[in-house]
Amino acid sequence: MKVLVINTGSSSLRYQLIDTEKDYVLAKGLCERIGIEGPFLKHVVEEDEILIECEMGTHRQALERVLETIIYTEPAPIKSLDEIDAIGHRIVHGGEYFTDAVLIDETVKEHIAECAKLAPLHNPSHLMAIEGCEELMPGKPQVAVFDTAFHQTMPPMAYMYAIPYEYYDKHKVRKYGFHGTSHKYVARRAAEMIGKPIEELKIITCHLGNGASVTAIKNGKSIDTSMGFTPLAGLVMGSRSGNIDPAIVSYIAENENITATEVTEILNKKSGLLAISGISNDIRDIEKAMDEGNERAKRAYDTFAYRVRLYIGQYSASLGGIDVLVFTAGIGENSARMRKKMVEGLEYIGIKIDDEKNQVHGVEADISADDSKVKTLVIPTNEELMIAEDTERIVKKELLKKQNK
Ligand code: ADP
């Protein structure tokens with residue numbers, strides 16, 4: 001099946017055309033600066049990369065440019081849009097409505113629109129892309145794959161906040177968790193790599209990119225995760241604070257004479273590694289500064305690693321042990337030094353890595369020491385492939401349902 005995967009951000013649109021039979025990316029690219037000055041489209045087919053500067057005032061226009069580019073730019077991987085079998089959309093927030101990917105219909109669209117309250121920067125652009133596809137490729141099956149769906153298996157004790165119950169009832173304030181597609185993908189790959197059924201494993205997955213989260217997975221299901229009502233919770237991230245004492249918000253607001261909304265903006269954009277180091281949100285810059293003797297860079301680095309280590313400990317308690325630990329995303333896949341730091345002192349729960357095997361970057365690898373009880377794996381994430389496979393699964397399931405009617 002040829003699946004077009006679409007991933008919209010507030011001012012961007014990423015796409016991949018994937019042949020699911022061959023696990024092969026036929027074309028990929030991204031549109032940036034949609035609706036702002038200087039928009040451009042980067043399109044890649046095999047080794048060929050082109051940059052197109054063109055008018056993209058809305059996500060709908062960006063989508064038109066993408067579809068034209070896919071079929072008219074040589075070497076064209078397909079000659080007509082008819083060759084696309086289905087479209088898979090990454091949707092950030094599905095609230096409590098969706099526990100799995102779904103075929104998009106009017107009700108699904110209404111629910112995505114309702115969840116825009118919970119993800120105001122993302123869900124509206126997802127809807128624009130869905131409606132754009134409906135107009136430009138009428139009748140083509142479209143599937144929504146939610147970042148939140150994988151975590152809907154969490155029990156209430158993991159997702160409830162101990163605040164007045166009416167906030168949950170009225171405003172749906174609870175833990176949702178994010179990065180679900182990535183956690184699901186790497187957990188599944190981990191089970192394949194060690195040759196055991198996922199249903200028999202206790203897995204902790206660490207998705208450590210600019211945004212970062214840890215998930216506890218028991219028998220293939222998420223039972224807890226570090227992000228919360230929003231992606232601000234949990235780990236120290238590039239520019240996000242992660243967990244802090246909630247009383248800090250009003251304290252800073254009063255003392256700096258700013259609003260709570262402004263504090264939240266600071267916690268999202270000017271905190272994390274960037275704030276503690278005073279240098280950068282990028283772990284590479286921090287590692288370099290540390291080597292040059294910068295004390296604040298070291299403090300940021302250690303705090304990041306410590307928080308991840310705490311979550312691994314917490315989640316081994318939630319799971320009642322741990323069989324597999326997975327590192328993924330920019331930092332998890334690439335920084336051998338950070339991986340070593342994060343697992344320091346975790347021998348007591350059976351985690352021991354091999355320094356030599358740990359020297360890998362961006363490839364699948366088992367980095368466990370030979371005598372380690374727990375398997376520690378590096379697995380590059382592939383959210384687009386997971387979305388394409390989920391799309392294929394849902395479309396085929398719906399076809400079967402129709403045939404059996
Ligand atoms: P996101 O998708 O959340 O924006 P990524 O998964 O691309 O983030 O991860 C970005 C982070 O990964 C960078 O900020 C950087 O700290 C880290 N990173 C990327 N490449 C390397 C590398 N070669 N060595 C160490 N860290 C890296």
Side-chain angles (χ1 to χ4, degrees), residues 5-16 28-30 32 42 44 90 92 119 121-122 145 147-148 177-186 189 205-215 225-227 230-242 268-292 294 296-305 307-308 326-343 353 358-365 367 378-387:
V5 175
I6 301 222
N7 179 357
T8 53
S10 50
S11 65
S12 66
L13 187 155
R14 289 171 192 272
Y15 60 94
Q16 284 197 9
K28 64 177 176 182
L30 83 159
E32 285 210 65
K42 192 164 94 180
V44 185
R90 177 225 178 192
V92 164
L121 294 181
H122 289 89
V145 182
D147 267 17
T148 46
F178 299 89
H179 291 145
T181 307
S182 175
H183 289 292
K184 180 175 160 187
Y185 173 78
V186 295
R189 274 301 298 146
T205 49
C206 306
H207 176 110
L208 311 173
N210 240 325
S213 63
V214 181
T215 297
T225 191
S226 61
M227 282 180 167
T230 73
L232 181 55
L235 299 174
V236 170
M237 307 178 216
S239 66
R240 295 192 195 126
S241 64
N268 269 299
K269 300 203 172 135
K270 294 186 177 165
S271 300
L273 291 172
L274 174 67
I276 306 181
S277 72
I279 299 172
S280 168
N281 61 339
D282 193 307
I283 231 63
R284 286 165 291 195
D285 299 335
I286 293 175
E287 286 179 348
K288 188 164 165 280
M290 260 166 54
D291 291 340
E292 291 161 4
N294 186 311
R296 272 180 61 182
K298 182 170 181 330
R299 205 173 266 200
Y301 202 76
D302 290 351
T303 312
F304 181 95
R307 190 76 64 93
V308 175
V326 182
F327 290 117
T328 191
I331 300 170
E333 290 164 25
N334 292 297
S335 179
R337 188 169 170 185
M338 181 53 93
R339 286 194 296 258
K340 183 173 169 161
K341 186 88 198 154
M342 291 183 289
V343 300
I353 65 169
N358 185 34
Q359 299 308 314
V360 287
H361 310 276
V363 289
E364 286 187 353
I367 59 168
V378 174
I379 304 179
T381 193
N382 195 337
E383 287 161 287
E384 286 77 13
L385 181 62
M386 187 79 249
I387 293 170

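Model, not experiment: these values are computed from the prediction. One-based numbering, in listed order, for ligands and for the atoms of each. Hydrogens, waters and symmetry mates are skipped; everything else that's a heavy atom, side chains included, is used.
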>> Under a 4.0 Å threshold between the charged nitrogen and the carboxylate oxygen, would Glu364 count as salt-bridged to Arg189?
In response: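 So Arg189 pairs with Glu364 through a salt bridge.
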>> Please determine whether a side-chain nitrogen of the Lys or Arg among Arg337 and Asp291 lies less than 4.0 Å from a carboxylate oxygen of the Asp or Glu.
In response: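 Yes, this pair counts.
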N or O contacts of ligand 1 with protein under 3.5 Å, please list pair by pair.
residue  : atom   : partner : partner atom : Å
ligand 1 : 3 (O)  : Asn210  : N            : 3.1
ligand 1 : 3 (O)  : Gly211  : N            : 3.3
ligand 1 : 6 (O)  : Gly330  : N            : 2.9
ligand 1 : 8 (O)  : Asn210  : N            : 3.1
ligand 1 : 12 (O) : Ile331  : N            : 3.3
ligand 1 : 16 (O) : Asp282  : OD1          : 3.2
ligand 1 : 16 (O) : Ile283  : N            : 2.8
ligand 1 : 20 (N) : Arg284  : NH1          : 3.3

> Do Thr381 and His183 get their side chains close enough for a donor-acceptor pair, meaning under 3.5 Å?
Replying inline: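 Absent: no donor and acceptor within the cut-off.
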> Pick one: which of Asn210, Leu273, Leu208 meets side-chain contact (heavy atoms from CB on, under 4.5 Å) with Ile283?
Replying inline: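 Among Asn210, Leu273, Leu208, the one meeting side-chain contact (heavy atoms from CB on, under 4.5 Å) with Ile283 is Leu273.
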> With distance as the sole test, does Arg339 use its side chain to make a donor-acceptor pair with the main-chain N or O of Asn358 at under 3.5 Å?
Replying inline: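 Indeed, once roles are kept as given, a pair shorter than 3.5 Å links the two residues.
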> Does the pair Glu32 and Ser11 meet the rule for a side-chain hydrogen bond (donor to acceptor under 3.5 Å, both in side chains), with working shown?
Replying inline: CA-CA 6 Å; Glu32 285 210 65; Ser11 65; over 6 Å; no
